Engineer: 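My structure is below; once you've seen it, I'll send some questions.
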Amino acid sequence: MKIFNTLAGSKEAFTPLKQGRVGMYVCGVTVYDRCHVGHARSAVVFDVVYRYLRHSGYDVTYVRNFTDIDDKIIRRANEEGVSAREIAERYIAAFYEDMDALGVLRPTREPRATEHVPEMIAHVEALVERGHAYAVDGDVYFDVGSYPPYGKLSRRPLDELASGARVDVDPRKRSPLDFALWKASKPGEPSWPSPWGPGRPGWHIECTVMGQKYLGPTLDIHGGGLDLVFPHHENEVAQAEAASGEPFVRVWMHNGFVNINQEKMSKSLGNFFTIRDVLRQVHPEVLRFFLLSHHYRSPLDYSEGAVREAAAGLERLYGLLGRIGEALDGRDAPAQVPVAELSNGARATHEAVLGLLFQFEDAMNDDFNTAEALGHLHRCARQVGSFLHEGCEPSPKNLAVLRYAAQSVRGLGGVLGLLQAPPEAYFGAVKQGAVEARGLDPAEVEAKIAERNRARKEKDWMRADAVRDELAALGVVLEDGPAGTTWKLK
RNA sequence: GGCGCCAUCGCCAAGUGGUAAGGCAGAGGUCUGCAAAACCUCUAUCCCCGGUUCGAAUCCGGGUGGCGCCUCCA
């Protein structure tokens, strides 16, 4: 397995510190507002990393934190006249609502900053003792000058960084680059007692301490959005390594941004869509599929049209699973595929499925290339669909091939967190969502269909088509099948 | 200003030395009362200019265009 390591600037063969075990930490969210699609990408991407590592046989300890104390949370709490705690709880609940909808698995551990303050204080004390940090008026800063490798993750020379510092420099800091490990609290703000007076931890120290607490001094993988490389992750490296003297992280992984019209989606630009907004329009699995249809390090341009296209692609895969289900029709199929006795079509199909198993893993082993993996899934689906279309008779041999195909497609889909719903359930949910979004009455649609079918029986094509046009104007598309007429929304 | 990333069919998107996956959209076809769905077939030489190589979308140099980080940020 190869993974692109930000620290190395290239893909590297992945070998965890302890054979067969992986310790992985991903920066979670600061809970002061609803999450947007950018947060969704990060969560989904690392969810797939987690799933795939487990699929590959690793025993994974996955830690993702909640930053539940921070300036923005405090500001929000003051605005609303409630406690910081209340704000945090509210948005943690909202976060789970979004993540559950997207099929993001719960990490092994989800530590909250406020529950690890004593450990953070101890870490800061250790840094002070070793001469890597200094206290001023109740604040404690990391002394970047005391740690020469500073800048190695983001590849920035120290002097350049210093001259590039643009914000008003705090004269109490030895270097403009020094960052807060501990912040003295203002009256009325949440605070914890410390050797430097009442205060709260800085943002960077939270992740370092929580990561090391649950995963040890060296993490196999540490992930987050590209925007965290500097300064957040750079600072984490400095804090951790200055204290422990050991490498903090073996592989740094960073996901690319979600853009709107080529521009980064962000709170400050105001060009964001919350996950909840998007899920009012599309099935959550469509959003997940959309996010995984691009390589995780590439920028991804979000638009309604792009998501609609993703919906069409996902629908194709679910449609195939649905048709396989119909072909199997609840019948038993041999567990073993009798490869030697297959017809040409069945053999080609079975070979495509077997090939898929390897191609999928090759793609995923190459830095989690989900876009390529999905391509393989589609190509295989086409072969299976073709086999199905040729009217493969329901012989035990053919059924065995089909069942194995469905199993494989669903199984690999599961590695991506996709295709786990029964197809009818998926299509039902999509339809239900669309019906609600447009305020249609399904009973009325059914009545129209019945009217049309009466006309069709009488071969009154004019009237039948008129009814169909009427429904089409509402966005309802009819499909006449052997089992009757079904409808969906375009 | 510093550092870095990107540029592949109408759109989206894989592919990092051996002759362009996949999806969407489009065209033609099979099927259908007609449609829809499904299936089949078709559509690129990879931003420009130089170089390295038997061979480059893939490596190097130079352009052009876009983006990101350097400040809270997934």
Side-chain angles (χ1 to χ4, degrees), chain A residues 6 9-11 26-30 32 35-46 70-72 75 151 154-157 159-168 177 203 223-232 234 254-259 262-269 272 289-290 293-295 297-301 303 305-317 319-320 323 359 363 366 369-382 385-391 456 459-462 464-465 468-469 472 477-481 485-488 490:
Chain A
T6 305
S10 61
K11 288 182 197 172
V26 174
C27 290
V29 290
T30 300
Y32 73 105
C35 288
H36 62 232
V37 178
H39 300 106
R41 184 179 197 190
S42 184
V44 167
V45 159
F46 288 106
D70 153 280
D71 290 341
K72 291 190 289 283
R75 189 182 350 115
S154 52
R155 282 192 198 69
R156 289 155 205 263
D159 49 344
E160 200 177 87
L161 273 173
S163 64
R166 290 184 288 166
V167 213
D168 29 8
L177 291 174
W203 175 41
L226 237 192
D227 46 1
L228 298 184
V229 175
F230 190 90
H232 184 50
E234 191 70 62
H254 294 98
N255 64 278
F257 300 128
V258 174
N259 294 160
Q262 322 270 304
E263 243 182 7
K264 180 184 169 187
M265 177 186 291
S266 72
K267 294 301 277 270
S268 42
L269 288 171
F272 62 92
F289 181 88
F290 170 68
S293 64
H294 301 61
H295 186 89
R297 283 189 286 116
S298 307
L300 188 168
D301 220 52
S303 70
V307 172
R308 266 200 303 276
E309 284 179 16
L314 215 215
E315 193 167 305
R316 195 178 169 80
L317 293 175
L320 177 86
R323 271 175 290 120
Q359 291 154 355
D366 186 11
N369 195 334
T370 54
E372 190 187 341
L374 285 173
H376 293 310
L377 221 40
H378 273 287
R379 193 147 36 78
C380 179
R382 195 164 62 183
S386 171
F387 177 48
L388 224 37
H389 186 77
E390 282 159 14
R456 291 175 69 211
K459 297 203 187 300
D460 183 352
W461 309 125
M462 291 280 283
D465 289 353
R468 187 169 60 195
D469 290 346
V477 181
L478 302 184
E479 292 177 21
D480 298 324
T485 302
T486 59
W487 60 282
K488 63 177 190 177
K490 218 16 179 195

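Note that these values count all heavy atoms, side chains included, but never hydrogens, waters or copies made by symmetry. It should be emphasised that the depicted structure is a prediction, and the values quoted were computed from it without experimental measurement.
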Engineer: With sequence neighbours left out, what residues match A:R41 under salt bridge (charged side-chain N to carboxylate O under 4.0 Å, His left out)?
Structural biologist: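 If we apply the salt bridge (charged side-chain N to carboxylate O under 4.0 Å, His left out) test to A:R41, skipping adjacent residues, there are no hits.
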Engineer: Under the 5.5 Å and 30° test, is A:W461 stacked on the base of B:rG33?
Structural biologist: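 Taking the rule of under 5.5 Å and under 30°, the ring of A:W461 does stack on B:rG33.
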Engineer: Take A:V258 and A:H36 through the side-chain contact (heavy atoms from CB on, under 4.5 Å) test and state the conclusion after the steps.
Structural biologist: CA-CA 10 Å; A:V258 174; A:H36 62 232; over 6 Å; no
Engineer: Does A:K72 have any salt bridge (charged side-chain N to carboxylate O under 4.0 Å, His left out) partners at least two apart in sequence or in another chain, and if so, which?
Structural biologist: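 So A:K72 forms no salt bridge (charged side-chain N to carboxylate O under 4.0 Å, His left out) with any residue.
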Engineer: Kindly give the heavy-atom pair with the smallest separation between A:T6 and A:R155, and that separation in Å.
Structural biologist: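 What the structure gives for the nearest pair is O-NH2, 3.2 Å.
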Engineer: Take atom CG of A:D301 and atom C1' of B:rA13, then tell me their distance rounded to the nearest Å.
Structural biologist: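 Answer to the nearest Å: 13 Å.
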Engineer: Does the plane of the ring in A:W203 sit parallel, tilted or perpendicular to the ring in A:H232? Use 30° and 60° as the thresholds.
Structural biologist: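 A:W203 and A:H232: parallel rings.
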Engineer: Dump the pairs, protein N or O against N or O of nucleotides 4-8 of chain B, anything under 3.5 Å, distances to one decimal.
Structural biologist:
none

Engineer: What about A:R468: does its side chain form a donor-acceptor pair under 3.5 Å with the base of B:rA35?
Structural biologist: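 In this structure, the two groups form a donor-acceptor pair.
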Engineer: When the distance from CZ of A:F272 to P of B:rA74 is rounded to whole Å, what number comes out?
Structural biologist: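 Answer to the nearest Å: 12 Å.
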Engineer: Which nucleotide, B:rG23, B:rA14, B:rC70, lies nearest any side-chain atom of A:R156?
Structural biologist: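 From the listed options, B:rC70 comes nearest.
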Engineer: For a quick test of reading the model, state the closest non-hydrogen atom pair linking A:D301 to A:A306 and the distance between them.
Structural biologist: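 Nearest heavy atoms, A:D301 then A:A306: O-CB, 4.2 Å.
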Engineer: What is the separation between atom CG on A:D465 and atom C1' on B:rU32, rounded to the nearest whole Å?
Structural biologist: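 Atom CG in A:D465 sits about 12 Å away from atom C1' in B:rU32.
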Engineer: The side chain of A:H294 is closest to which nucleotide in this list: B:rC12, B:rU16, B:rC73?
Structural biologist: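 Closest nucleotide to the A:H294 side chain: B:rC12.
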Engineer: Using a 4.0 Å heavy-atom cut-off across all strands, classify A:K264 as base, sugar-phosphate, or nothing.
Structural biologist: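 Base contact.
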Engineer: Evaluate the criterion side-chain contact (heavy atoms from CB on, under 4.5 Å) for residue pair A:R379 and A:Q359; output intermediate values, then yes/no.
Structural biologist: CA-CA 11 Å; A:R379 193 147 36 78; A:Q359 291 154 355; 4.2 Å; yes
Engineer: Of all residues at least two apart in sequence or in a different chain, which pass the salt bridge (charged side-chain N to carboxylate O under 4.0 Å, His left out) check with A:E315?
Structural biologist: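 For A:E315, the residues satisfying salt bridge (charged side-chain N to carboxylate O under 4.0 Å, His left out) (neighbours in sequence not counted) are A:K488.
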Engineer: Using atom C1' of each nucleotide, how far apart are B:rC9 and B:rA57 to the nearest Å?
Structural biologist: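 The answer is 13 Å between these two C1' atoms.
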Engineer: Please report the distance separating the P of B:rA44 from the corresponding atom of B:rC11, rounded so that it comes out in whole Å.
Structural biologist: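 B:rA44 and B:rC11 have their P atoms separated by 15 Å.
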Engineer: Using the C1' atom as the reference point in each nucleotide, state the distance between B:rG18 and B:rU32 in Å, no decimals.
Structural biologist: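 47 Å, rounded to whole Å.
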Engineer: Select base, sugar-phosphate, or nothing to describe what A:L228 touches, counting heavy atoms under 4.0 Å on all strands.
Structural biologist: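 Counting heavy atoms under 4.0 Å across all strands, the contact made by A:L228 is with sugar-phosphate only.
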Engineer: Protein-nucleotides 39-41 of chain B N/O pairs closer than 3.5 Å?
Structural biologist:
{"from": "B:rC39", "atom 1": "O4'", "to": "A:H389", "atom 2": "ND1", "distance (Å)": "3.3"}

Engineer: Quick one: A:L478 CG to B:rA35 P, roughly how many Å, whole number?
Structural biologist: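 The distance from CG of A:L478 to P of B:rA35 comes to 15 Å, rounded to the nearest Å.
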Engineer: A:A312 near the nucleic acid: base, sugar-phosphate alone, or nothing, with a heavy-atom cut-off under 4.0 Å?
Structural biologist: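 Contact class for A:A312: sugar-phosphate only.
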Engineer: Using a 4.0 Å heavy-atom cut-off, does A:V477 contact any base of the nucleic acid, only the sugar-phosphate backbone, or nothing at all?
Structural biologist: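 Touches sugar-phosphate only.
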Engineer: Scan A:H232 against the nucleic acid and name what it touches under 4.0 Å (heavy atoms): base, sugar-phosphate only, or nothing.
Structural biologist: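 No contact at all - A:H232 keeps every heavy atom at 4.0 Å or more from the nucleic acid.
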Engineer: On a whole-Å scale, what distance lies between the C1' atoms belonging to B:rC60 and B:rA20?
Structural biologist: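 One C1' to the other, the span is 23 Å.
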Engineer: Contact between A:H295 and A:N369 at the side-chain level, heavy atoms closer than 4.5 Å - yes or no?
Structural biologist: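 A:H295 vs A:N369: side chains touch.
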Engineer: What nucleotide, of B:rA74, B:rA21, B:rA37, holds the atom closest to the side chain of A:E479?
Structural biologist: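 The nucleotide sitting nearest to the side chain is B:rA37.
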Engineer: Using a heavy-atom cut-off of under 4.0 Å over every strand shown, decide if A:V45 touches base, sugar-phosphate, or nothing.
Structural biologist: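 If one applies the 4.0 Å heavy-atom cut-off, A:V45 turns out to touch nothing in the nucleic acid.
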Engineer: Measure the CE-CG distance between A:M265 and A:N259 for me, rounded to the nearest 0.5 Å.
Structural biologist: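 These two atoms lie 8.5 Å from each other.
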Engineer: Expressed in angstrom and rounded to an integer, what is the separation of A:D460 atom CG from B:rC34 atom C1'?
Structural biologist: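 Nearest whole value for this atom pair: 13 Å.
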Engineer: With sugar-phosphate meaning primed atoms plus P, OP1 and OP2, does A:Q359 contact a base, only sugar-phosphate, or nothing at under 4.0 Å between heavy atoms?
Structural biologist: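 No contact.
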Engineer: Identify whether any heavy atom of A:Q262 sits under 4.0 Å from a base atom; if not, whether one sits that close to sugar-phosphate; answer base, sugar-phosphate or nothing.
Structural biologist: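 Answer is sugar-phosphate: A:Q262 comes under 4.0 Å of backbone atoms only.
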Engineer: What interatomic distance, in whole Å, is found between P of B:rU16 and the corresponding atom of B:rC6?
Structural biologist: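 Those two atoms are separated by 12 Å.
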Engineer: Heavy atoms under 4.0 Å, any strand shown: does A:T486 hit a base, just sugar-phosphate, or nothing?
Structural biologist: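 Answer is nothing: A:T486 stays at 4.0 Å or more from every strand.
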Engineer: Atom NE2 of A:H39 and atom P of B:rA74: how far apart are they, to the nearest Å?
Structural biologist: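 That distance rounds to 4 Å.
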Engineer: Where each residue is assigned the nucleotide of RNA chain B containing its nearest heavy atom, which of A:A464 and A:G481 is assigned the position nearer the 5′ end?
Structural biologist: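 In this pair, the answer is A:A464.
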Engineer: At under 4.0 Å between heavy atoms, what does A:F46 touch on the DNA or RNA strands: base, sugar-phosphate, or nothing?
Structural biologist: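 Nothing: the residue A:F46, judged by heavy atoms under 4.0 Å, touches no strand.
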Engineer: Please report the shortest heavy-atom distance between A:V229 and A:S154, naming the atom on each side.
Structural biologist: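 Distance-wise, the nearest heavy atoms are CG1-CB, 3.8 Å.
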Engineer: Could you measure between the two P atoms, the one in B:rU8 and the one in B:rG66, and give it in whole Å?
Structural biologist: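 Taking atom P in both B:rU8 and B:rG66, they lie 14 Å apart.
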Engineer: With rounding to whole Å, what would you report as the distance between B:rA21 and B:rG55 at their C1' atoms?
Structural biologist: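 Result for the C1' pair: 22 Å, nearest Å.
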Engineer: Is any side-chain N or O of A:D480 under 3.5 Å from a base N or O of B:rC34, one able to act as donor and the other as acceptor?
Structural biologist: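 Looking at the base of B:rC34, it does pair with a donor or acceptor on the side chain of A:D480 (distance under 3.5 Å).
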Engineer: Using the test salt bridge (charged side-chain N to carboxylate O under 4.0 Å, His left out), find all partners of A:R308 that sit at least two apart in sequence or belong to another chain.
Structural biologist: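 Scan of A:R308 (salt bridge (charged side-chain N to carboxylate O under 4.0 Å, His left out), adjacent residues dropped) gives A:E304.
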Engineer: How many whole angstroms separate atom CD of A:E372 from atom C1' of B:rG15?
Structural biologist: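 Going from A:E372 (CD) to B:rG15 (C1'), I get 7 Å.
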Engineer: So for A:N369 and B:rG15, does any side-chain atom that can act as donor or acceptor lie under 3.5 Å from a complementary atom in the base?
Structural biologist: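 A donor-acceptor contact between them is absent.
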Engineer: Select base, sugar-phosphate, or nothing to describe what A:G38 touches, counting heavy atoms under 4.0 Å on all strands.
Structural biologist: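 Base, at least one base atom sits under 4.0 Å.
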Engineer: How long is the line joining CD of A:E309 and P of B:rG26, in whole Å?
Structural biologist: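 These atoms are roughly 11 Å apart.
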Engineer: Write down the atom of A:C35, the atom of A:V29, and the distance for their closest heavy-atom approach.
Structural biologist: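 Where A:C35 meets A:V29 most closely, the heavy atoms are SG-CG1, 4.1 Å.
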Engineer: Could you tell me the Watson-Crick or G-U partner of B:rG61, where both distances fall under 3.5 Å? Say none if there is no partner.
Structural biologist: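 When the pairing criteria are applied, B:rC49 turns out to be the nucleotide that pairs with B:rG61.
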Engineer: Determine the contact category for A:R41: base if any of its heavy atoms lies under 4.0 Å from a base atom, sugar-phosphate if only primed atoms, P, OP1 or OP2 are that close, otherwise nothing.
Structural biologist: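 No contact at all - A:R41 keeps every heavy atom at 4.0 Å or more from the nucleic acid.
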Engineer: With a 4.0 Å cut-off on heavy atoms, is A:G256 in touch with a base, just the backbone sugar-phosphate, or nothing at all?
Structural biologist: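 Answer is base: heavy atoms of A:G256 come under 4.0 Å of a base.
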Engineer: Using atom C1' in both nucleotides, what's the gap between B:rG17 and B:rU53 to the nearest angstrom?
Structural biologist: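 These two C1' atoms come out 9 Å apart once rounded.
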Engineer: Look through every strand shown and name the nucleotide pairing with B:rG4 as Watson-Crick or G-U wobble, where both distances are under 3.5 Å.
Structural biologist: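 Answer to the pairing question: B:rC67, which forms a Watson-Crick or G-U pair with B:rG4.
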Engineer: Counting any heavy atom closer than 4.0 Å, what does A:G375 reach on the DNA or RNA strands: base, sugar-phosphate only, or nothing?
Structural biologist: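 Here A:G375 touches the bases of the nucleic acid.
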Engineer: With a 3.5 Å limit on both atom pairs, tell me what B:rC11 is paired to, counting Watson-Crick and G-U wobble, or say none.
Structural biologist: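 WC or wobble partner is B:rG23.
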Engineer: Which pair of heavy atoms, one from A:E234 and one from A:G151, lies closest together, and at what distance?
Structural biologist: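 For A:E234 versus A:G151, the nearest heavy atoms are OE2-N, 2.8 Å.
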Engineer: Go ahead and name the base partner of B:rU30; Watson-Crick or wobble counts if both distances stay under 3.5 Å, otherwise write none.
Structural biologist: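 Check on B:rU30: paired to B:rA38, both distances under 3.5 Å.
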Engineer: Assuming nearest nucleotide by heavy-atom distance, tell me which of A:K72 and A:L300 is located more 5' along RNA chain B.
Structural biologist: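 So the residue in question is A:L300.
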